[in-house]
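First up is the structure itself, then whatever we jot down about it.
Per chain, numbering begins at 1; letters A, B, ... match sequence-line order.
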Number of protein chains: 2
Amino acid sequence: MMEKSQAEPPHHAKDVTRHVGYALKRTQAALRSAMDGVLREYGLTVPQYATLELLALNPGMSNADLARATFVTRQSGNVVLQGLQEAGLITRPATADHGRARPAHLTEEGRARLDAVQDAVYAIERHMTAAIPPERLAALLADLDRMAAALEE
Amino acid sequence: MMEKSQAEPPHHAKDVTRHVGYALKRTQAALRSAMDGVLREYGLTVPQYATLELLALNPGMSNADLARATFVTRQSGNVVLQGLQEAGLITRPATADHGRARPAHLTEEGRARLDAVQDAVYAIERHMTAAIPPERLAALLADLDRMAAALEE
DNA sequence: TTTCGAATGTCAGGACTTTGACATAGTGGA
DNA sequence: TCCACTATGTCAAAGTCCTGACATTCGAAA
């Protein structure tokens, strides 16, 4: 008994480049680079694009909300919002009516810019996911979420 | 804000936070944050740690090699190497014997520092991968690699 | 009511990374 | 041989992001 010599759960290869963490970094870097390329043509950075998407989905999010959702600090989030505001893509009330949070909203131009960019960005994601068996897509998404949740707790 | 209630992840959900790209970013951010936390106790940054791992596995890598492997520019890679050199963790010949590339090597202290850190870093990866079914680990690794390859081509 | 904690926005400073550019060293073909 | 072409290292400048700190605001508990 106790003959289990091959299927050890840790599965730690000596070669760090075969670890899950390394593959995660590599894939994320490639995605980021591809997105940077297409977004640059539209005058947007990746955090700015992410902010537009989130505001379209959820109007009225505050700077702190958006910073959490885009995985940056509030300070960086504020810089992103200032850029979008100067570009006329979002609006924020000069004063908060409740608390200190100032809800941000897309302008007409912001919505138009997002619409113009989405096709190109979504094409990148389709190209990325097309590389794996379709029946594993749901499991991949679930596994990524579980790993993130485990690390965040 | 940021509710998650539905359970069907379609190929392209309206909610960007259910896209693969977003899950990738979220997981990578959580992993980076966790690694930052433990590495700080040892006076290392994540790129510095990655460089030590790569040099242990593959002695003599040049700055350009390491930059590619850690997904940063040559300029950033050089800053990382300078930091490690000042800390006495690596050595580089002052002059290149062939071409311009100067091969980097771990010092005794560099090897010791890496050994001291590996337990803590690997524990993070184990904690992360423990959140998913073990039989899906290989598929996850393969899928990440395929997606990265598709984006890099 | 008062007080304390949590959340938010903001400022200052520094650390890290990138873009752009240039000179040098090897390689392969005309 | 000579000439592109690529790869590498490096410099300068700018941008991006973070750490640390502080004041303000709301809400809950004493």
Task: Rounded distance in Å - CG (A:L81) to P (C:dT8) - done: 14 Å

TODO: For residues 132-142 of chain A, pull every pair meeting salt bridge (Lys or Arg N to Asp or Glu O under 4.0 Å), keeping only residues two or more places apart or in separate chains.
DONE: A:R136-B:D143

Open item on the list: Taking transitive links into account, so neighbours of neighbours count too, which hydrophobic residues share a cluster with B:F71 at under 4.5 Å side-chain distance?
Closed with: A:Y22

Check nucleotides 24-28 of chain C for protein N or O atoms closer than 3.5 Å to its own N or O atoms and list the pairs.
| from | atom 1 | to | atom 2 | distance (Å) |
| --- | --- | --- | --- | --- |
| C:dG26 | OP1 | B:G99 | N | 3.0 |

- [ ] Using five pairs at either end of the helix from C:dT1-D:dA30 to C:dA30-D:dT1, determine the angle between the two local helix axes and round it to 10 degrees.
- [x] 30°

Task: Within residues 51-65 of chain B: residues closer than 4.0 Å to DNA chain C (heavy atoms) - done: none

Open item on the list: Using heavy-atom distances to pick each residue's nearest nucleotide on DNA chain D, tell me which of B:R40 and B:P103 is more 5'.
Closed with: B:P103

Open item on the list: Per the salt bridge (Lys or Arg N to Asp or Glu O under 4.0 Å) rule, what does the pair list look like for residues 30-53 of chain B, sequence neighbours excluded?
Closed with: B:R32-B:D36

Task: Separation of A:L144 CG from B:R26 CZ (nearest 0.5 Å) - done: 9.5 Å

Task: Inter-residue atom distance B:T27.OG1 - B:M128.CE, 0.5 Å rounding - done: 8.0 Å

Open item on the list: Tell me the closest heavy-atom pair linking B:L31 and A:G21, and the distance in Å.
Closed with: CD2-CA, 3.6 Å

- [ ] Heavy atoms only: give me the nearest A:L54-A:M61 pair and the separation to one decimal.
- [x] O-SD, 3.9 Å

Open item on the list: Hydrophobic cluster membership, with links at side-chain heavy-atom distances under 4.5 Å among I/L/V/M/F/W/Y: are A:L137 and A:I124 in one?
Closed with: yes

- [ ] Sequence neighbours left out, what passes side chain to side chain donor-acceptor pair (under 3.5 Å) with B:R102? Give chain and number order.
- [x] none

Open item on the list: I need the B:R146 CZ to A:L140 CG distance, nearest 0.5 Å.
Closed with: 11.5 Å

Open item on the list: If the cut-off is 4.0 Å, is A:R68 near the phosphate of C:dT8, judged by side-chain N/O to OP1 or OP2?
Closed with: yes

TODO: Spell out, as yes or no, whether a donor-acceptor pair under 3.5 Å connects the side chain of B:T107 to the backbone of B:G88.
DONE: yes

TODO: Sugar-phosphate means primed atoms, P, OP1 and OP2; the rest is base. With that split, encode nucleotides 11-16 of chain C 5' to 3' as B, S or - using protein heavy atoms under 4.0 Å.
DONE: B----S

Task: salt bridge (Lys or Arg N to Asp or Glu O under 4.0 Å) pairs, two or more places apart, involving residues 67-83 of chain B - done: B:D65-B:R68

TODO: On DNA chain D, reading 5' to 3', which nucleotide is the first and which the last to sit with an atom under 4.0 Å from a heavy atom of chain B, could you check?
DONE: D:dT8 to D:dT19

TODO: Any pair with a residue in residues 79-91 of chain A that passes side-chain hydrogen bond (donor to acceptor under 3.5 Å, both in side chains), sequence neighbours left out, goes on the list, sorted by first then second residue, please.
DONE: A:Q85-A:R92

Open item on the list: What I'd like to find out is whether the side chain of A:L89 reaches to under 4.5 Å of the side chain of A:L44, using heavy atoms alone.
Closed with: yes

- [ ] Go through the structure and list residues passing side chain to side chain donor-acceptor pair (under 3.5 Å) with B:T70, not counting sequence neighbours.
- [x] none

